[in-house]
Amino acid sequence: MAVTGDETEAGTSGDLTACQLQNTSSSLPQGGAETSTQGFMKSTDPLQKREHRLMKNREAARECRRKKKEYVKCLENRVAVLENQNKTLIEELRSLKDIYRHKVE
DNA sequence: TAACAGTGCCGTCACTCAAT
DNA sequence: ATTGAGTGACGGCACTGTTA
């Protein structure tokens, strides 16, 4: 199953904001990228335009799927962490109840 | 062992959204 | 209005496990 050894103890401090599918804007040079091919929709012949568009979309799809997989993995890790926390809290509640019962008896 | 179902990855199309 | 990036949906292909 998933949730292998890597990303160990992802929830030590409960970083629940870790799983963000979008907003990787920081590293991606949105505006200035691809200066060599900028405006390819305008100039080149239709066949080349199409080839270039397909290539870009191919790469975009790959990246999109990669991010999505990463996101899902991250969510699975969160689930595992929260399940553990839940288990611990239930156990704690049980023992506290136990202590209380013994006191009132 | 052939036939089939399930799964994962890929390429493409169609669409949306933000930037220009 | 145009352009480019991102993404959901779809179909195809390859691989794997299961069953008769």
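Just so we're on the same page: letters track the sequence lines, and every chain starts at 1.
Separation of atoms CD1 (I90(A)) and CG (L93(A)) is listed at 8.0 Å; rounding is to 0.5 Å. The distance from atom CG of N77(A) to atom NZ of K73(A), rounded to the nearest 0.5 Å, is 8.0 Å.
In this structure, R53(A) places its CZ atom 9 Å from C1' of dC13(B), rounding to the nearest Å. Spacing between atom CD of E59(A) and atom C1' of dG6(C) amounts to 14 Å, rounded to whole angstrom units. Per the geometry, NE2 belonging to H52(A) stands 8 Å off P belonging to dA5(C), to the nearest Å.
By the 4.0 Å N-to-carboxylate-O rule, K87(A) lies too far from E91(A) to be salt-bridged with it. Between E63(A) and R66(A), at least one side-chain N (NZ, or NE/NH1/NH2) sits under 4.0 Å from a carboxylate O, which counts as a salt bridge.
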Listing time: all N or O pairs from protein to nucleotides 8-12 of chain B that are below 3.5 Å?
unit_1: dC9(B); atom_1: OP1; unit_2: K69(A); atom_2: NZ; d: 2.9
unit_1: dG11(B); atom_1: OP2; unit_2: R62(A); atom_2: NH1; d: 3.0
unit_1: dG11(B); atom_1: N7; unit_2: R65(A); atom_2: NH1; d: 3.2
unit_1: dG11(B); atom_1: N7; unit_2: R65(A); atom_2: NH2; d: 2.9
unit_1: dG11(B); atom_1: O6; unit_2: R65(A); atom_2: NH2; d: 2.3
unit_1: dT12(B); atom_1: OP2; unit_2: R58(A); atom_2: NE; d: 2.9
unit_1: dT12(B); atom_1: OP2; unit_2: R58(A); atom_2: NH2; d: 3.1

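The side-chain contact (heavy atoms from CB on, under 4.5 Å) test with H102(A) singles out one residue from V104(A), I99(A), D98(A), and that residue is D98(A).
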